[in-house]
J.: 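Quick one: the structure is below, questions incoming.
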Amino acid sequence: MSQTKVHHVVGINGTTLTIFIAQAHCWQLGLISPGGAARGERKIYYTAEAALKAGLEWVKQGS
């Protein structure tokens, strides 16, 4: 069974940004829209802070 550890959950104008560590010990991010649609990207980040920065930029750009 794989485990995922959530590090950050941030709400921004109805969008939820999650930063989590995957089983490969790399950080990833995901977005949940106000309507409930989930989106993510397959990029990996080596720190939670780097993933958070990228996620905040992604939300800022309207993705």
Side-chain angles (χ1 to χ4, degrees):
M1 174 185 213
S2 67
Q3 291 185 339
T4 301
K5 179 182 174 187
V6 175
H7 192 270
H8 290 292
V9 177
V10 181
I12 305 167
N13 296 329
T15 298
T16 303
L17 169 63
T18 59
I19 306 298
F20 57 92
I21 192 164
Q23 69 187 61
H25 303 289
C26 295
W27 294 94
Q28 295 181 304
L29 60 94
L31 295 175
I32 304 171
S33 74
R39 296 186 61 198
E41 54 179 23
R42 299 221 180 249
K43 293 181 183 178
I44 59 172
Y45 301 91
Y46 294 104
T47 66
E49 292 75 22
L52 179 60
K53 183 178 177 181
L56 292 171
E57 190 62 34
W58 200 24
V59 170
K60 182 179 173 182
Q61 292 175 4
S63 296

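These figures come from a predicted structure and were not determined experimentally.
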J.: Using every non-hydrogen atom in the two residues, find where W58 and L31 come nearest and quote the distance to one decimal.
T.: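 Smallest heavy-atom distance, with atoms named: CE3-CD1, 3.3 Å.
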J.: Can you list everything that forms a side chain to side chain contact (heavy atoms under 4.5 Å, CB included) with K53? Sequence neighbours excluded, please.
T.: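 K53: no side chain to side chain contact (heavy atoms under 4.5 Å, CB included) contacts found.
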J.: Of all heavy-atom pairs between H7 and W27, which one has the smallest distance, and what is that distance?
T.: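 Shortest heavy-atom separation between H7 and W27 comes out as CB-CZ3, 3.2 Å.
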J.: So if you build clusters from Ile, Leu, Val, Met, Phe, Trp, Tyr with side-chain heavy-atom gaps below 4.5 Å, do V10 and V59 land together?
T.: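 Yes: a chain of side-chain contacts under 4.5 Å links V10 to V59.
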J.: SG of C26 to OH of Y46: how many Å apart, nearest 0.5 Å?
T.: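 The distance works out to 5.5 Å.
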J.: CG of L56 to CG of L29: how many Å apart, nearest 0.5 Å?
T.: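 Spacing of CG (L56) from CG (L29) equals 9.5 Å.
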J.: Flag the pair Q28 / F20 as yes when at least one side-chain heavy-atom distance between them is below 4.5 Å, and no otherwise.
T.: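 A side-chain contact under 4.5 Å exists here.
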J.: With hydrophobic residues grouped by side-chain heavy-atom distances under 4.5 Å, do I12 and L52 end up in a single group?
T.: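 I12 clusters together with L52.
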J.: Hey, are the side chains of P34 and T15 touching, using non-hydrogen atoms and a 4.5 Å cut-off?
T.: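 P34 reaches T15 side chain to side chain.
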